[in-house]
There are 2 protein chains.
Amino acid sequence: MKVSDIPGIIVERLPRYYRYFDKSVRNNVDYISSKEIGEELGIHSTQVRKDFSYYGEFGKRGVGYETTFLRGQLEKILGLNYSWEIVLIGMGNLGEALVSYDGFKRLGLNIRYVFDVAPKLAESKLGDVEVYNIDNLDSILKKNEIKIGIIATPAEAAQDIVDKLVVAGIKGIWNFAPTYLHTPEDVHVRNEDLATGLISLSYHLSN
Amino acid sequence: MKVSDIPGIIVERLPRYYRYFDKSVRNNVDYISSKEIGEELGIHSTQVRKDFSYYGEFGKRGVGYETTFLRGQLEKILGLNYSWEIVLIGMGNLGEALVSYDGFKRLGLNIRYVFDVAPKLAESKLGDVEVYNIDNLDSILKKNEIKIGIIATPAEAAQDIVDKLVVAGIKGIWNFAPTYLHTPEDVHVRNEDLATGLISLSYHLSN
DNA sequence: TAGATTGTTAATCGATTAACAATC
DNA sequence: TAGATTGTTAATCGATTAACAATC
């Protein structure tokens, strides 16, 4: 099975499986079945089994899935078995919240360099992360092998920054700016427009 | 056409259409075609036309879509033509960033009440939003007609809070806690687990 | 009218679920 | 063995896209 045959939407579910296996390991549960996973996560048990089957035969018939083993497999599948160095651009409230969000670090996702057009001097260090002026973007990216960038700038600034990131070799962009970004095909963009979340609730409650 | 016949995934695209029409109005563009919309947003033009067609016949053949008119239609469709009162629970970095995010207010999405288990006294007001102790949740929700709640608490606390919100009549929940929430059928949950965004990039760059 | 673009049907594509043999 | 649950095929369901008549 080629990677390209795997439905893209699966990656939305894999982190939830991973989290549930992790939780089960911590609760000293040795095996869980696709039925249990499905009930906990609101997913059909057939879907769970099919999702795993794209990557291998991980279960034991009649028993279920061994939690420690599956957690490890999912870690590898998701690329969480080694650590990522990440840059973030835009040091507003959202940028700060992301830098200090502790859910990333223990997954090996490390926001290392932060850039802003006008970093306040008092904040030139945020926790253990250094904040740089945007002018240094190119030189710092070139010195380090960084593949993932987070855009937490206003919409107007986003495309310019992205163009620079692409030139510097960034291959994955997590975009919080409420605008569509144009990138080469080999650069993966993930849009996380916050307003969409609230708007979707507004839509559903109105209809 | 019944509302239930409209594909759920459309709501992911509608806010982007809305934003593009809004931008076009501000740029004094009178008409845009489905082809232009598609190119700008990376969506097939047929998809654009089909999406609109679920709600009415909004275009002029040979011409395109009138920007002011469409912006207004999308506003109604998305429930943005009147204002929503919203509560947020969990006053960490993320909660603060959401409260001060200025993309919501001009859409009529107003975070009015904020709760925490231990609001620091110095922060009992955040901008023009009052911060309350979680014990007051029930009484304040009962006094006001609030339909949307935002969960920005740790995962462990989320389900308890949600149960309380549901009892108090909340019908839409925007969940930032990395855990699946169990709710009655008529309560709409939108999960916005931040780690998933970065993990999906990690996954795509690893494979 | 000629050119452009919509709205919609039908075809295609892709994801989900039902069913069940394999097997622990 | 009997009971349970996996892995996978086939059927179903739903979303996307191609094609084109309608019409501005």
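Since this is a predicted model, take the numbers as computed values, not measurements. Numbered from 1 within each chain, the chains take letters A, B, ... in sequence-line order. Both backbone and side-chain heavy atoms feed into the values below; hydrogens, waters and symmetry mates do not.
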D:dA18 phosphate, OP1 or OP2: any side-chain N/O from B:H44 under 4.0 angstrom? yes

Using OP1 and OP2 only, check whether a side-chain N or O of B:R13 sits under 4.0 Å from D:dT16. yes

Both B:K60 and B:G8 contact DNA chain D. Taking the nearest nucleotide for each, which residue is further toward the 5' end? B:G8

Is any side-chain N or O of B:R61 under 3.5 Å from a base N or O of C:dT6, one able to act as donor and the other as acceptor? yes

Using atom CZ of A:F58 as one end and atom P of D:dG7 as the other, report the distance to the nearest whole Å. 9 Å

Any side-chain N or O of B:S34 below 4.0 angstrom from OP1/OP2 of C:dT6? yes

Distance, rounded to the nearest Å, where B:F69 contributes CZ and C:dT6 contributes C1': 14 Å

State, with a plain yes or no, whether a side-chain heavy atom of A:I146 is found less than 4.5 Å away from one of A:I86. no

Sugar-phosphate, base or nothing in reach of B:S33, heavy atoms under 4.0 Å: sugar-phosphate

What integer distance in Å separates B:I32:CD1 from C:dA4:C1'? 16 Å

Would you mind telling me which of C:dT16, C:dG7, D:dT16 lies closest to the side-chain atoms of B:Q47? D:dT16

Starting the side chain at C-beta, find the nucleotide from C:dG7, D:dT8, C:dT9 nearest to B:K50. C:dT9

Heavy atoms only: give me the nearest B:Y20-B:I37 pair and the separation to one decimal. CE2-CA, 3.7 Å

Once you apply the 3.5 Å cut-off to both distances, tell me the Watson-Crick or G-U wobble partner of C:dC20, or none. D:dG7

At under 4.0 Å between heavy atoms, what does A:K35 touch on the DNA or RNA strands: base, sugar-phosphate, or nothing? nothing

Once you apply the 3.5 Å cut-off to both distances, tell me the Watson-Crick or G-U wobble partner of D:dC13, or none. C:dG14

Atom-to-atom span, CD of A:Q73 to C1' of D:dT6 - whole angstrom: 16 Å

Looking for any heavy atom pair under 4.0 Å, which part of the strands does B:F52 touch: base, sugar-phosphate only, or nothing? nothing

Ranking D:dA15, C:dT17, D:dC20 by distance to the side chain of B:P7, first place goes to D:dA15

Between A:D22 and A:R26, is there a side-chain N and carboxylate O pair less than 4.0 Å apart? yes

For B:F21 and B:F52, take the angle between the two ring planes, folded into 0 to 90°, and tell me which bin it lands in: parallel under 30, tilted 30 to 60, perpendicular over 60. tilted

Between A:F115 and A:Y132, does the ring centroid distance fall short of 6.0 Å? yes

Would a line drawn from the ring center of B:F104 to the ring center of B:Y101 be shorter than 6.0 Å? yes

Length of the CG-P vector between B:D51 and C:dT6, whole Å: 13 Å

What is the distance, rounded to the nearest whole Å, between atom CD1 of A:I9 and atom C1' of C:dC13? 14 Å

Between CZ of B:R49 and P of C:dA4 the distance, given in whole Å, is 15 Å

Quick check for you: among D:dG7, D:dT17, C:dT17, whose closest atom lies nearest to any side-chain atom of A:T46? C:dT17

Using a 4.0 Å heavy-atom cut-off, does B:Y65 contact any base of the nucleic acid, only the sugar-phosphate backbone, or nothing at all? sugar-phosphate

